[in-house]
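To keep things clear, I will list the structure first and then write my remarks on it.
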There are 2 protein chains.
Amino acid sequence: MHFGERIRELRESQGLLQRQLAADLEIDTPMFSKIERGERKAKREQVEQLAKLLQADKTQLLSLWLANQIFDFVKDEAFASDALHLVIDWIKNTEK
Amino acid sequence: MHFGERIRELRESQGLLQRQLAADLEIDTPMFSKIERGERKAKREQVEQLAKLLQADKTQLLSLWLANQIFDFVKDEAFASDALHLVIDWIKNTEK
DNA sequence: TATGACTTGTCAAATTTAGGACAATATAGG
DNA sequence: CCTATATTGTCCTAAATTTGACAAGTCATA
């Protein structure tokens with residue numbers, strides 16, 4: 001489940017139109033459409049606004065949003081998995 | 001073990017100076033120094049050159065290099081671990 | 001103190017990217 | 001066929017990033 005899909009799911013389940021949410025975010029509908037389809041990425045600020053507007057868990061949306069960006073960054077890399085695991089290990093050790 | 005540390009390790013174990021490798025990469029020594037200390041990131045092309053110059057495993061160096069960049073990207077994020085795990089799952093499923 | 005190796009700080013050019021505007025097109029329901 | 005909704009495609013610009021050059025600094029050691 002990618003970020004945009006989740007936004008669409010939340011939006012449709014509440015009977016809202018792209019036009020309405022786009023207005024709240026002060027962007028046009030084409031832009032909102034692109035965000036839902038993952039063609040453009042939302043700003044952090046917009047993610048937070050969306051969490052409020054859609055009464056969704058901010059933490060979860062932000063994780064999804066961040067994951068999307070990481071994915072876009074590594075998706076064409078042959079060693080993406082190796083690298084990701086390395087990073088997880090590094091983070092484990094800085095947390096300790 | 002971060003990318004720059006690994007480069008330094010390889011370089012020193014072979015008795016090479018920053019100056020020498022920097023010349024091969026056609027950058028100045030301050031720049032090379034920064035790469036080793038992780039203050040600047042190498043270009044992919046430079047990583048490949050370094051693998052050759054230092055007779056190191058290219059795959060391994062590239063993984064380390066990519067991991068470094070991901071780490072820099074997520075290090076200040078509260079949900080970095082969650083996001084990373086999500087990405088790993090996504091990648092697993094696109095591979096299948 | 002002189003030298004060589006490395007580090008630090010700052011600057012600027014060049015490039016990239018983000019993020020949006022807008023026009024045109026599709027698609028589905030009434 | 002009309003209308004509302006959503007999508008697609010193209011273009012633009014401000015902002016950020018990248019990448020390197022250079023000057024000046026530290027540090028060890030001969």
Side-chain angles (χ1 to χ4, degrees), chain A residues 1-51 53-54 61-62 64-77 83, chain B residues 1-51 53-54 61-62 64-77 83:
Chain A
M1 162 82 59
H2 292 243
F3 175 75
E5 298 176 63
R6 178 71 184 131
I7 293 299
R8 170 161 298 180
E9 193 177 76
L10 287 164
R11 176 176 66 82
E12 290 182 340
S13 76
Q14 296 176 39
L16 297 169
L17 299 176
Q18 288 185 346
R19 169 162 50 82
Q20 304 176 285
L21 290 176
D24 286 325
L25 300 187
E26 298 184 271
I27 56 179
D28 64 5
T29 33
M31 180 73 59
F32 194 92
S33 169
K34 283 166 186 170
I35 288 172
E36 277 193 351
R37 285 171 299 105
E39 194 185 318
R40 295 293 175 93
K41 68 181 187 204
K43 298 191 208 180
R44 170 189 291 277
E45 185 201 353
Q46 293 170 330
V47 177
E48 291 174 1
Q49 283 179 273
L50 284 170
L53 293 165
L54 297 166
L61 277 188
L62 281 171
L64 217 43
W65 170 78
L66 182 61
N68 256 233
Q69 293 181 67
I70 300 169
F71 181 79
D72 283 344
F73 184 67
V74 305
K75 62 178 187 294
D76 298 323
E77 298 286 345
Chain B
M1 163 80 58
H2 292 240
F3 176 76
E5 298 177 62
R6 178 72 184 132
I7 293 300
R8 170 161 298 180
E9 194 177 76
L10 288 163
R11 176 176 64 81
E12 291 182 341
S13 76
Q14 297 175 41
L16 297 169
L17 299 176
Q18 286 185 347
R19 169 162 50 82
Q20 304 177 285
L21 290 176
D24 287 323
L25 300 187
E26 297 182 272
I27 57 179
D28 64 5
T29 33
M31 180 74 59
F32 194 91
S33 169
K34 284 166 188 171
I35 288 172
E36 277 193 350
R37 287 172 296 106
E39 194 186 318
R40 294 293 176 94
K41 67 181 191 203
K43 299 191 211 180
R44 163 183 238 97
E45 185 200 356
Q46 293 170 330
V47 177
E48 290 173 0
Q49 281 180 275
L50 285 169
L53 293 166
L54 296 166
L61 276 189
L62 281 172
L64 217 42
W65 168 78
L66 183 59
N68 256 233
Q69 294 181 68
I70 300 169
F71 182 79
D72 283 344
F73 184 67
V74 304
K75 63 175 185 294
D76 297 324
E77 297 286 346

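From a predicted model like this one, the values you see are computed outputs, not experimental measurements. Values below: every heavy atom of this structure, side chains too, minus hydrogens, waters and symmetry copies. Sequence lines set the chain letters: A, B, ... in the order given, protein chains first and strands last, and positions in each chain run from 1.
A salt bridge does not link A/Glu5 with A/Arg8: none of the charged nitrogens is closer than 4.0 Å to a carboxylate oxygen.
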Open item on the list: Working note: B/Leu64 + B/Val47, criterion side-chain contact (heavy atoms from CB on, under 4.5 Å); need CA distance, chi angles, decisive distance, verdict.
Closed with: CA-CA 10 Å; B/Leu64 217 42; B/Val47 177; over 6 Å; no
- [ ] Would you please test A/Ile35 and A/Ile27 for side-chain contact (heavy atoms from CB on, under 4.5 Å) and show each step?
- [x] CA-CA 11 Å; A/Ile35 288 172; A/Ile27 56 179; 4.0 Å; yes
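Partner of A/Leu50 under the side-chain contact (heavy atoms from CB on, under 4.5 Å) criterion, chosen from A/Leu10, A/Asp24, A/Leu25: A/Leu25.
Atom CD of B/Glu12 sits in a crowded spot, with more than 12 heavy atoms from other residues, nucleotides or ligands closer than 6.0 Å.
First and last contacting nucleotides of DNA chain C toward chain B (any atom under 4.0 angstrom from a heavy atom, 5' to 3' order): C/dA5 to C/dT10. Bracketed by its first and final contacts, the part of DNA chain D lying under 4.0 Å from non-hydrogen atoms of chain B reaches from D/dT18 to D/dA23 in 5' to 3' order.
Using the six-membered ring where Trp is involved, B/Phe73 and A/Phe73 have ring planes that are parallel, under 30° apart on the 30 and 60° scheme.
A heavy-atom distance below 4.0 Å to DNA chain C is reached by none of the residues of residues 4-25 of chain A.
Within 4.0 Å of B/Glu26, counting heavy atoms only, lies no atom of the nucleic acid at all. Backbone-only contact: A/Lys41 has heavy atoms under 4.0 Å from sugar-phosphate atoms and none from a base. Residue contacts for A/Glu45: at a heavy-atom cut-off of 4.0 Å it reaches no nucleic acid atom on any strand shown. Using a 4.0 Å heavy-atom distance criterion, B/Lys43 is classed as a sugar-phosphate-only contact.
The closest donor-acceptor contact from the side chain of B/Arg37 to the backbone of B/Ser33 lies under 3.5 Å. Remark: side-chain polar atoms of A/Glu77 are not paired, donor with acceptor, to backbone N or O of A/Val74 under 3.5 angstrom. A donor-acceptor pair is defined here as one N or O able to donate and one able to accept, closer than 3.5 Å; such a pair exists between the side chain of A/Gln14 and the backbone of A/Leu54.
With values rounded to the nearest 0.5 angstrom, B/Arg11 atom CZ is found 7.0 Å from B/Leu17 atom CG. Interatomic distance, A/Asp28 CG to A/Gln18 CD, rounded to the nearest 0.5 Å: 10.5 Å.
The nearest heavy atom of DNA chain C to A/Pro30 and to B/Arg40 marks one nucleotide each, and the one closer to the 5' end goes with B/Arg40.
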